[in-house]
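Take a look at the structure set out below.
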Amino acid sequence: MTKNTREIFVTGGAGFIGSAFIRLLLDETADCKVTNFDALTYAGNLDNLEGLDAARHRFVHGNIADAEAVHTALGENTHAIVNFAAESHVDRSIANAAEFLRTNITGTQVLLDAVRARGVKRFIQVSTDEVMGSLPENEDAFFTEESPFAPNSPYAASKAAAEHLVRAAHHTFGLDTVVTRCGNNYGPRQFPEKFLPLAISNALKDESIPVYGDGGNVRDWIYVDDHCRAILLALEKGRPGAVYNVGARNEHHNIDVVGSLLNTLGKPRSLIRFVKDRPGHDRRYAIDPLLIECELGWRPRETWETGLQKTIQWYQQNSRWLERTRSGAYKDYYRKQYGTEVAAT
Ligand code: NAD
Ligand code: TDX
């Protein structure tokens, strides 16, 4: 490391996407080192950081809503903050929104204040398509960067509020901020409360797969490393103040996602169990990624087939990871959410 080394402060880097981003950043850049600041909530997992180069990656346990902790952890010359830290599960926000407001809103403002106070050069906010609400089904409608905000869940509302704070910091104080808005990620190390890893882990145990409502909701899926490449481009080349939608033009009905999964695993469709719908369940997400394609030259590398295959294989080969995440508090969560027990591991 030289004096030109760039210090990147990544928040939420022990989670699913944050840990994939750190891997990519360290692989694809020679001049960056990372401080990974994470509160290790139920979703944070130090196992996700296995194999990272200790000379270029420093883990700090801390909460982004705690200004003092953030200031202590920030290096003297931090080049950029990339903010992944969030409460990220819609169902949990419906059960109780308090932590979503503290982390997703207050936490983001604390980071923006630190950027200003400490002269950090860039701030990247990892946001979501959900801030734009739900699209009509069977219509040629897509989310663009100009789509109005219409968050429908407490999670989406907290992420929308965070985006407003980022925008305000850019407008009022001239901070160099970039926002990325992505759709549904899938890939290795995703916490099995989310639909795809939950379905994979249940199918591997011949346990029923809960599908909300009629299974006709549509999500726009993207392989996690493709999302991370978009964030890296935003960090390196994004226009100050810009918002970029990130999507792989890969819409699927939930029921078809489960169908593909069961086919790949050679498991019967009788594992599908239709359950009570999620309150306020958004019907369709679909992203128009034209801006990031044209302006930053981003393209996804993974197809749905290759990405799904890699993902399934990872869960098959990492049963210890899965067993550890599905133990303890997860069992209580699962019982409350689905009214049944998680299959014994
Ligand atoms: P995740 O739940 O897997 O990980 C979140 C991480 O943040 C965990 O390591 C957790 O310990 C940490 N964290 C939570 N609260 C914190 C706090 N107060 N201070 C410090 N760390 C804290 O989430 P993910 O799926 O990796 O999502 C990462 C980001 O990407 C989130 O901001 C999310 O809104 C956004 N996003 C996710 C998706 C998706 O499909 N998963 C899609 C678009 C955007
Ligand atoms: O058990 C389930 N059964 C089911 O049918 C679960 C957990 C989900 N679903 C449905 C709800 C959604 O239509 O599957 C779809 C995907 O659900 P989630 O994995 O909970 O994701 P979603 O609500 O679409 O939000 C995700 O994408 C945007 C992430 O969790 C967010 O963090 C991200 O911002």
Side-chain angles (χ1 to χ4, degrees), residues 10-21 36-46 48-49 60-66 69-70 73 82-94 99-100 102-104 106-108 110-111 125-131 134 151-153 155-156 158-159 162-163 180-187 189-199 202 208-222 224 227-228 231 246-247 252-255 257-258 272-278 280-285 287 325 334 337-338:
V10 174
T11 71
F16 164 50
I17 308 175
S19 62
F21 177 75
N36 178 358
F37 187 81
D38 194 299
L40 294 181
T41 67
Y42 74 91
N45 185 347
L46 291 175
N48 291 348
L49 307 175
V60 179
H61 186 202
N63 194 309
I64 59 164
D66 177 348
V70 168
V82 186
N83 183 27
F84 292 92
E87 287 295 332
S88 67
H89 193 39
V90 172
D91 291 324
R92 289 187 195 252
S93 79
I94 293 168
E99 213 47 49
F100 287 74
R102 189 166 116 87
T103 290
N104 300 4
T106 304
T108 302
V110 165
L111 295 174
Q125 172 70 2
V126 181
S127 192
T128 169
D129 57 356
E130 299 197 17
V131 299
S134 184
N152 287 323
S153 70
Y155 162 71
S158 69
K159 293 294 287 187
E163 269 204 47
T180 59
R181 281 186 199 147
C182 193
N184 288 61
N185 283 227
Y186 68 101
R189 302 181 188 83
Q190 185 168 30
F191 193 80
E193 64 188 350
K194 304 284 170 25
F195 187 47
L196 199 55
L198 186 140
N202 282 15
S208 67
I209 297 168
V211 173
Y212 293 159
D214 63 0
N217 301 69
V218 175
R219 294 294 182 266
D220 195 348
W221 297 90
I222 182 169
V224 62
H227 179 198
C228 290
I231 297 167
V246 183
H252 296 280
H253 291 96
N254 291 341
I255 193 66
V257 171
V258 183
I272 295 170
R273 178 168 62 100
F274 288 99
V275 299
K276 196 164 153 276
D277 208 354
R278 170 187 282 174
H281 194 175
D282 283 341
R283 194 66 182 168
R284 173 173 170 251
Y285 303 146
I287 293 158
T325 53
Y334 196 93
Q337 182 66 22
Y338 298 104

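Along the sequence shown, residues are numbered consecutively beginning with 1. Both counts, for ligands and for their atoms, begin at 1 and track the order of listing. All values below were derived from every heavy atom in this structure, side-chain atoms included, with hydrogens, water molecules and symmetry-related copies excluded.
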Which is closest to atom 26 (C) of ligand 2 in terms of heavy atoms, R273, K194, H253, E130? E130

What atoms of ligand 1 come closer than 4.0 angstrom to any heavy atom of A14? 9 (O)

Testing V82, N83, I17 one by one against V126 for a side chain to side chain contact (heavy atoms under 4.5 Å, CB included), which residue passes? V82

Quiz question: by atom type and distance under 3.5 Å, do the side chains of Y334 and N202 form a donor-acceptor pair? yes

Could you state the interatomic distance from CD (E193) to OG (S88), rounded to the nearest 0.5 Å? 5.5 Å

Give a yes or no on whether the ring-centroid distance for F191 and Y42 is below 6.0 angstrom. yes

If we only consider heavy atoms of G62, is any one of them less than 4.0 Å away from an atom in ligand 1? yes

Can you tell me which residue and heavy atom of the protein come closest to atom 42 (C) of ligand 1, and the distance to 0.1 Å? G183 O, 3.0 Å

Is any side-chain heavy atom of Y155 closer than 4.5 Å to a side-chain heavy atom of E87? no

Carboxylate-amine/guanidinium proximity below 4.0 Å for R283 and D214: yes

Touching ligand 1 at all, Y155? Heavy atoms, strictly under 4.0 Å? yes

For G13, is at least one N or O under 3.5 Å away from an N or O on ligand 1? no

Students should be able to answer this: which protein heavy-atom is nearest to atom 31 (C) of ligand 1, and at what distance? F84 O, 3.2 Å

Pick from T41, T11, T128: the one approaching atom 10 (C) of ligand 1 most closely through a non-hydrogen atom: T41

Tell me the protein heavy atom at minimum distance from atom 9 (O) of ligand 1, and give that distance in Å. D38 OD2, 2.6 Å

Closest approach of any protein heavy atom to atom 43 (C) of ligand 1, naming residue and atom: C182 O, 3.4 Å

Does ligand 1 come near enough to S88 that some N or O of the ligand is less than 3.5 Å from an N or O of the residue? yes

Find all atoms of ligand 2 within a distance of less than 4.0 Å from any non-hydrogen atom belonging to V90, and give their numbers and elements. 23 (O)

Would K194 count as a polar contact of ligand 1, with the cut-off being nitrogen or oxygen pairs under 3.5 Å? no

Ignoring angles and geometry beyond distance, decide whether P210 reaches within less than 3.5 Å of ligand 2 through its nitrogen or oxygen atoms. yes

Contact partition for S127 relative to ligand 1, non-hydrogen atoms under 4.0 Å: backbone

Counting from 1, what ligand 1 atoms have a heavy atom of N184 closer than 4.0 Å? 40 (O)

Indicate the ring-plane relationship of F21 and F84, choosing parallel, tilted or perpendicular according to the 30° and 60° boundaries. tilted

Would you mind checking which non-hydrogen protein atom is closest to atom 21 (O) of ligand 2, with the distance to 0.1 Å? N184 ND2, 3.4 Å

Could you tell me whether some N/O pair between A65 and ligand 1 is separated by less than 3.5 angstrom? no

Polar proximity ligand 1 side, G15 side, N/O cut 3.5 Å exclusive: yes

Atoms in ligand 2 flagged as close to V211, the criterion being non-hydrogen separation under 4.0 Å: 5 (O)

Side chain, backbone, both or neither: L40 near ligand 1, heavy atoms under 4.0 Å: backbone

Those atoms of ligand 2 less than 4.0 Å from some heavy atom in T128: 28 (C), 33 (C), 34 (O)

Tell me the protein heavy atom at minimum distance from atom 5 (C) of ligand 1, and give that distance in Å. A86 O, 3.5 Å

Could you tell me the residue and atom name of the protein heavy atom closest to atom 30 (O) of ligand 1, and the distance to it rounded to 0.1 Å? V126 CG1, 3.5 Å

Set out, in order, the CA-CA distance, both residues' side-chain angles and the distance that settles salt bridge (Lys or Arg N to Asp or Glu O under 4.0 Å) for E99 and R92, then state yes or no. CA-CA 10 Å; E99 213 47 49; R92 289 187 195 252; over 6 Å; no

Check whether any N or O atom of F16, backbone or side chain, sits under 3.5 Å from an N or O atom of ligand 1, and answer yes or no. yes

R219 backbone acceptor or donor facing N184 side chain under 3.5 Å: no

H61 side chain to A39 backbone, donor-acceptor under 3.5 Å: yes

Would you say ligand 2 has an N or O under 3.5 Å from any N or O of D91? no

What I'd like to find out is whether the side chain of R278 reaches to under 4.5 Å of the side chain of V90, using heavy atoms alone. yes

Closest approach of any protein heavy atom to atom 34 (O) of ligand 2, naming residue and atom: Y155 OH, 2.5 Å

Quick one: nearest non-hydrogen protein atom to atom 21 (N) of ligand 1, plus distance? A39 N, 3.1 Å

Ligand 1 and N63, any nitrogen or oxygen pair closer than 3.5 angstrom? yes

Residue, atom and distance of the protein heavy atom nearest atom 7 (O) of ligand 1 read G12 CA, 3.5 Å

Nearest non-hydrogen protein atom to atom 11 (C) of ligand 2, with distance, is H281 NE2, 3.3 Å

Considering non-hydrogen atoms of the protein only, which is the closest contact for atom 10 (C) of ligand 2, and what is the distance? N254 ND2, 3.4 Å

Just jot down the ligand 1 atoms closer than 4.0 angstrom to any heavy atom of A43, in number order. 2 (O), 8 (C)

Could you tell me, atom by atom, which parts of ligand 1 come under 4.0 Å of a heavy atom of G44? 8 (C), 9 (O), 10 (C), 11 (O)

Within this structure, what is the CG-CG distance for the pair N185 and D220, rounded to the nearest 0.5 Å? 10.5 Å

Taking only heavy atoms of H89, which atoms of ligand 2 are found under 4.0 Å from at least one of them? 20 (O)

Quick one: which of E87, R283, R278, R219 has a heavy atom closest to atom 18 (P) of ligand 2? R278

Going by the atom numbers of ligand 1, which of them fall below 4.0 Å from some non-hydrogen atom of A85? 7 (O), 20 (C), 21 (N), 22 (C)

Among T108, T180, I17, closest by heavy atom to atom 26 (O) of ligand 1 is I17

Tightest non-hydrogen contact, residues I64 and F37, listed as N-CE2, 3.7 Å

State whether the shortest distance between N or O atoms of T103 and N or O atoms of ligand 1 falls below 3.5 angstrom. yes

Does an N or O from Y338, backbone or side chain, lie closer than 3.5 Å to an N or O of ligand 2? yes

Of the listed options (F195, W221, F274), which comes nearest to atom 19 (O) of ligand 2 when hydrogens are ignored and any heavy atom counts? F195

When you compare ligand 1 with N185, is there at least one nitrogen or oxygen pair between them that comes in under 3.5 angstrom? yes

Starting from atom 5 (O) of ligand 2, what is the nearest protein heavy atom, named by residue and atom, and what distance separates them? Y212 N, 2.8 Å

Quiz item: cation-pi between R189 and F16, 6.0 Å / 45°: no

Test item, E193 contacting ligand 2 (heavy atom, 4.0 angstrom): yes

Specify the protein heavy atom at minimum distance from atom 32 (O) of ligand 2: its residue, its atom name, and the distance to 0.1 Å. S88 O, 2.8 Å

N48 side chain vs A14 backbone, donor-acceptor pair below 3.5 Å: yes

For ligand 1, indicate whether the residue K159 contacts it via side chain, backbone, both or neither (heavy-atom separation under 4.0 Å). side chain

